[in-house]
Participant: 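Below you will find the structure I want to go over with you.
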Amino acid sequence: MVGLNNTGKGIMLEAIDATFAFASLHTDDPGTGGTSEVTGGTPAYARKALSWAAASGGTKSSDGPLVFDVPASTTIKFLGYWSLVSGGTFYGSRALDTNQTFATQGTYTVAAGDVDEVLT
């Protein structure tokens, strides 16, 4: 066996509860610094607080849906993870399953579990 088993992954994943506290949406690959985060709109776009379920089987998912306000003329492509609601430390991202374009102001919902973190 090479790498961590699910028990080892679970121990590491439990550490993200207090660290990966907020999620963000991005219009392009945020790289290592969290660039291209969505801004603007009425109501205004804002990061959303994450609540995590217990790790199981080497994965960890969010407890509830996240509903983001997205301004008109915006295409979202990535979901990011942050320490704070504003500023803070950027921990990484994942590409959305599909890009979504908003011609008018709207909302984007990330369902419970869709922010899975898996260590491989």
Side-chain angles (χ1 to χ4, degrees):
M1 179 184 132
V2 177
L4 297 174
N5 63 23
N6 286 344
T7 302
K9 290 177 187 177
I11 291 168
M12 292 179 72
L13 287 166
E14 288 303 324
I16 71 172
D17 283 3
T19 308
F20 290 34
F22 293 89
S24 57
L25 294 177
H26 299 262
T27 60
D28 206 352
D29 187 340
T32 59
T35 60
S36 303
E37 186 171 0
V38 171
T39 60
T42 304
Y45 161 83
R47 293 179 191 165
K48 299 299 176 184
L50 287 165
S51 174
W52 296 98
S56 176
T59 66
K60 188 170 188 75
S61 301
S62 73
D63 271 341
L66 306 174
V67 181
F68 293 89
D69 291 301
V70 180
S73 302
T74 301
T75 299
I76 55 172
K77 299 178 180 180
F78 287 82
L79 182 71
Y81 306 100
W82 294 85
S83 62
L84 298 173
V85 70
S86 179
T89 302
F90 180 70
Y91 293 112
S93 65
R94 74 160 177 87
L96 299 177
D97 294 334
T98 57
N99 297 345
Q100 185 163 344
T101 300
F102 290 81
T104 60
Q105 175 83 24
T107 60
Y108 182 78
T109 301
V110 179
D114 281 355
V115 292
D116 279 358
E117 288 302 311
V118 181
L119 296 177
T120 54

Participant: Are Y108 and I76 close enough, and set up right, to give a side chain to side chain contact (heavy atoms under 4.5 Å, CB included), and what steps lead you there?
Facilitator: CA-CA 9 Å; Y108 182 78; I76 55 172; 3.3 Å; yes

Participant: Just how far is it from atom CG of N99 to atom CG of D28, taken to the nearest 0.5 Å?
Facilitator: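 One gets 9.0 Å once the value is rounded to the nearest 0.5 Å.
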
Participant: Side chains of K9 and K60: closer than 4.5 Å at any heavy-atom pair?
Facilitator: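 Side chain of K9 against side chain of K60, heavy atoms only: no contact under 4.5 Å found.
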
Participant: Would you say F68 and L79 make side-chain contact, with heavy atoms under 4.5 Å?
Facilitator: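 With C-beta onward as the side chain, the pair touches.
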
Participant: Does one hydrophobic cluster hold both L13 and I11, with members joined at side-chain heavy-atom distances below 4.5 Å?
Facilitator: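 No: no chain of side-chain contacts under 4.5 Å links L13 to I11.
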
Participant: Assess whether side chain to side chain contact (heavy atoms under 4.5 Å, CB included) is satisfied between Q100 and V70, documenting all intermediate values.
Facilitator: CA-CA 10 Å; Q100 185 163 344; V70 180; over 6 Å; no

Participant: Looking at G87, is its backbone amide N or carbonyl O close enough to the side chain of R47 to form a donor-acceptor pair, meaning the two atoms are under 3.5 Å apart?
Facilitator: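 It does hold such a pair.
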
Participant: Compare every heavy atom of A72 with every heavy atom of A103, then report the nearest pair and how far apart it is.
Facilitator: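 The pair with the smallest heavy-atom distance is O-CB, 3.4 Å.
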
Participant: Which atom names give the shortest non-hydrogen contact between L84 and F22, and what distance separates them?
Facilitator: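 Reported closest heavy-atom pair: C-CD1, 3.3 Å.
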
Participant: Any heavy-atom pair between the side chains of F90 and P30 that's under 4.5 Å?
Facilitator: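 Answer yes - side chains close enough.
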
Participant: Which atoms form the tightest heavy-atom contact between D29 and S36, and what is the distance?
Facilitator: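 Heavy-atom minimum between the residues: O-OG, 4.3 Å.
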
Participant: Please check if the side chain of H26 supplies one atom and the backbone of V38 the other of a donor-acceptor pair under 3.5 Å.
Facilitator: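 Flag not set: sc H26 to bb V38 has no pair under 3.5 Å.
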
Participant: Check whether any side-chain heavy atom of S83 lies under 4.5 Å from a side-chain heavy atom of T19, and answer yes or no.
Facilitator: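 No, too far: nothing below the 4.5 Å cut-off.
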
Participant: Is the backbone of G41 close enough, under 3.5 Å, to the side chain of Q105 for a donor and an acceptor to pair up by distance?
Facilitator: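 No: the side chain of Q105 does not pair with the backbone of G41.
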
Participant: What I'd like to find out is whether the side chain of L66 reaches to under 4.5 Å of the side chain of T109, using heavy atoms alone.
Facilitator: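 In short, these two side chains do not touch, never coming nearer than 4.5 Å.
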
Participant: Are any non-hydrogen side-chain atoms of I16 and Y81 less than 4.5 angstrom apart?
Facilitator: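 Side chain of I16 against side chain of Y81, heavy atoms only: no contact under 4.5 Å found.
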
Participant: Spell out, yes or no, whether Y91 and F78 are grouped together once hydrophobic residues are joined by side-chain heavy atoms under 4.5 Å, including indirect joins.
Facilitator: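 No, because Y91 and F78 fall into different hydrophobic clusters, even though each may have its own neighbours under 4.5 Å.
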
Participant: Testing the basics here: between P71 and T39, what is the closest heavy-atom pair and its distance to 0.1 Å?
Facilitator: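 The answer is CG-O, 3.2 Å.
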
Participant: Could you check whether the rings of F20 and W52 sit parallel, tilted or perpendicular, using 30° and 60° as the cut-offs?
Facilitator: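 Geometry flag for W52 against F20: perpendicular rings.
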
Participant: Is a side-chain donor or acceptor of Y45 paired with a backbone partner of L25 at a separation under 3.5 angstrom?
Facilitator: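 A pair under 3.5 Å: yes.
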
Participant: Are L96 and K77 packed together at the side-chain level, in the sense that at least one heavy-atom pair is separated by less than 4.5 angstrom?
Facilitator: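 No, too far: nothing below the 4.5 Å cut-off.
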
Participant: Side chains of T27 and T75, heavy atoms from C-beta outward: is any pair under 4.5 Å?
Facilitator: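 Side-chain contact under 4.5 Å: no.
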
Participant: Closest heavy-atom contact between S62 and A111?
Facilitator: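 The pair with the smallest heavy-atom distance is OG-O, 4.0 Å.
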
